[in-house]
Amino acid sequence: MYDIIIVGAGTAGLTAAIYGRRAGKSVAIYESETYGGQIINTPEIENYPGIKNVSGYKFATDLYEQVISLGTDFIFDKIMKIEGSFEEGFKVTTELGKTNEAKTIILACGAKNRHLGLPMEERLLGRGISYCATCDGAFFKHRTVAVNGGGNTALEDAIYLSNLCEKVYLVHRRDAFRGEQALVDIVKSTSNIELVLNSTVSALKGEKKLEGITVKDTVTSGERDISVDALFVAIGQVPSNEQFTDLVNTDQAGYIIAGEDCKTNIKGIFAAGDGRTKSLRQLTTAAADGAVSAVGCCDLILHSNQA
Ligand code: NAP
């Protein structure tokens with residue numbers, strides 16, 4: 001039986017593994033895709049304390065290697081079910097039908113990209129529709145593209161693509177951006193980024209590949225078509241907690257309800273990172289949750305040993 005099983009190898013999960021292992025606990029971390037979570041697709045991180053500038057890929061890879069060097073068991077499989085209790089121990093069952101046991105659990109499943117929900121969106125995925133500018137931007141070198149969204153991801157994507165593409169339309173549903181002012185300033189001073197504000201993407205054009213988008217003005221309701229070769233959708237995330245909504249309490253949007261102590265309503269199960277209810281979802285807060293949740297597991301185990 002592991003002391004701690006962590007579900008998800010994003011920044012929160014990997015940080016929890018560091019704290020768990022350094023406290024001398026046996027730790028397994030499960031990941032169904034690749035390590036790193038969302039940050040692996042971020043071109044540049046410039047707001048992590050002590051690191052002036054680093055790519056998301058390097059940050060995630062260094063973190064992963066740190067976790068492996070500390071002796072964490074890294075298991076590429078998806079946990080589908082968690083049963084049991086702190087008193088009796090938890091049993092996890094994976095997509096591959098394997099089982100494992102742990103004294104405590106940290107749910108650090110993060111979040112995935114929100115889709116527009118438009119007709120043709122799924123069909124045109126990989127044919128002009130993308131949710132990752134750093135992954136797919138190079139396919140559209142010297143072409144015209146659009147980015148949809150007004151948060152940090154959309155702003156960073158627009159800046160990144162402006163260095164590759166001839167023209168970038170940035171479509172946002174309001175006239176003020178949610179993202180950082182420093183990024184807004186760069187976007188506004190970049191000559192090949194054109195802002196399309198107070199607008200939503202209302203239709204996708206093209207059958208075999210994306211040929212254009214229709215944008216709807218949220219003030220006048222007027223629509224117009226813009227010819228683009230790609231649309232990078234960056235309209236936020238939805239939590240990846242589907243497997244655990246019957247296990248722990250979640251809010252209406254599916255985020256696991258937990259405070260700054262990362263404790264869920266179930267003793268021995270913690271929630272860390274972007275998948276829990278919180279006001280600020282950043283690399284720093286994900287890392288903080290990883291530390292807090294792992295120390296929470298260690299405290300519980302210590303007190304149960306003393307009892
Ligand atoms: P976000 O901050 O939630 O922003 C999502 C954007 O999409 C918002 O501007 C929102 O508009 C818009 N939006 C949401 N649903 C929409 C819909 N159905 N149709 C059209 N527009 C829609 O998401 P994010 O930019 O992916 O960032 C997620 C978190 O990661 C944030 O905390 C962000 O700060 C963080 N992050 C940080 C960095 C960094 O620090 N370097 C980089 C990337 C992300 P409204 O503004 O009108 O709500």
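Note that these values count all heavy atoms, side chains included, but never hydrogens, waters or copies made by symmetry. In listed order, ligands and their atoms are each counted from 1.
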Student: Heavy-atom distance to atom 47 (O) of ligand 1: which of Arg174, Arg281, Gln237 wins?
Tutor: Arg174
Student: Please could you name the atoms of ligand 1 that His172 approaches to less than 4.0 Å, counting only its heavy atoms?
Tutor: 9 (O), 11 (O), 45 (P), 46 (O), 47 (O)
Student: Between Asn148 and ligand 1, does any nitrogen or oxygen pair lie at a separation below 3.5 Å?
Tutor: no
Student: Tell me which protein heavy atom sits closest to atom 38 (C) of ligand 1, plus the residue, atom name and distance to 0.1 Å.
Tutor: Asn152 CB, 3.8 Å
Student: Checking Asp251 side chain against Tyr255 main chain: does a donor-acceptor pair fall under 3.5 Å?
Tutor: yes
Student: Do Thr61 side-chain atoms and Lys58 backbone N/O form a donor-acceptor pair below 3.5 Å?
Tutor: no
Student: Is atom CZ of Arg174 surrounded by more than 12 heavy atoms (other residues, nucleotides or ligands) closer than 6.0 Å?
Tutor: yes
Student: Quick one, Lys98 with Asp77, criterion salt bridge (charged side-chain N to carboxylate O under 4.0 Å, His left out). Give me CA distance, side-chain angles, the key distance, then yes/no.
Tutor: CA-CA 9 Å; Lys98 305 258 172 67; Asp77 199 351; 5.6 Å; no
Student: Just to confirm my output: which protein heavy-atom neighbour is closest to atom 1 (P) of ligand 1, and how far is it?
Tutor: Arg178 CD, 4.0 Å
Student: Could I get the full list of ring-ring contact (aromatic ring centres under 6.0 Å, His included) partners for Phe177, not counting sequence neighbours?
Tutor: His172
Student: Identify the protein heavy atom lying closest to atom 43 (C) of ligand 1, giving its residue, its atom name and the separation to 0.1 Å.
Tutor: Thr153 OG1, 3.4 Å
Student: Take a 6.0 Å sphere around CD of Glu166 and say whether it holds more than 12 heavy atoms from other residues, nucleotides or ligands.
Tutor: no
Student: Write out the residue and atom name of the closest protein heavy atom to atom 7 (O) of ligand 1, then the distance separating them to 0.1 Å.
Tutor: Ile235 CA, 3.2 Å
Student: Exactly one of Tyr57, Phe74, Phe59 should register a ring-ring contact (aromatic ring centres under 6.0 Å, His included) with Tyr64. Which one does?
Tutor: Phe74
Student: I need the nearest protein heavy-atom contact for atom 33 (C) of ligand 1: residue, atom name and distance, please.
Tutor: Gln282 NE2, 3.5 Å
Student: Would you call Asp3-Lys25 a salt bridge at under 4.0 Å N-O?
Tutor: no
Student: For ligand 1, which part of Arg114 has a heavy atom less than 4.0 Å away: the side chain, the backbone, both, or neither?
Tutor: side chain
Student: Is it the case that over 12 heavy atoms from other parts of the model lie below 6.0 angstrom from the CZ atom of Phe76?
Tutor: yes
Student: With a cutoff of 4.0 Å, is Thr42 in contact with ligand 1, counting heavy atoms of the residue only?
Tutor: no
Student: Do ligand 1 and Arg173 have nitrogen or oxygen atoms that lie under 3.5 Å from each other?
Tutor: yes
Student: Got the closest protein heavy atom to atom 41 (N) of ligand 1, with its distance?
Tutor: Glu156 OE2, 2.8 Å
Student: For ligand 1, which atoms have a heavy atom of Gly150 less than 4.0 angstrom away?
Tutor: 6 (C), 7 (O), 8 (C), 9 (O)
Student: In the protein, what heavy atom is nearest to atom 3 (O) of ligand 1, and what distance, to one decimal place, separates them?
Tutor: Gly236 CA, 4.0 Å
Student: Which ligand 1 atoms, with their elements, are less than 4.0 angstrom from a heavy-atom of Asn47?
Tutor: 39 (C), 40 (O), 41 (N)
Student: Strictly distance-based, threshold 3.5 Å: is any side-chain N or O of Ser199 a donor or acceptor partner for the main-chain N or O of Leu197?
Tutor: yes
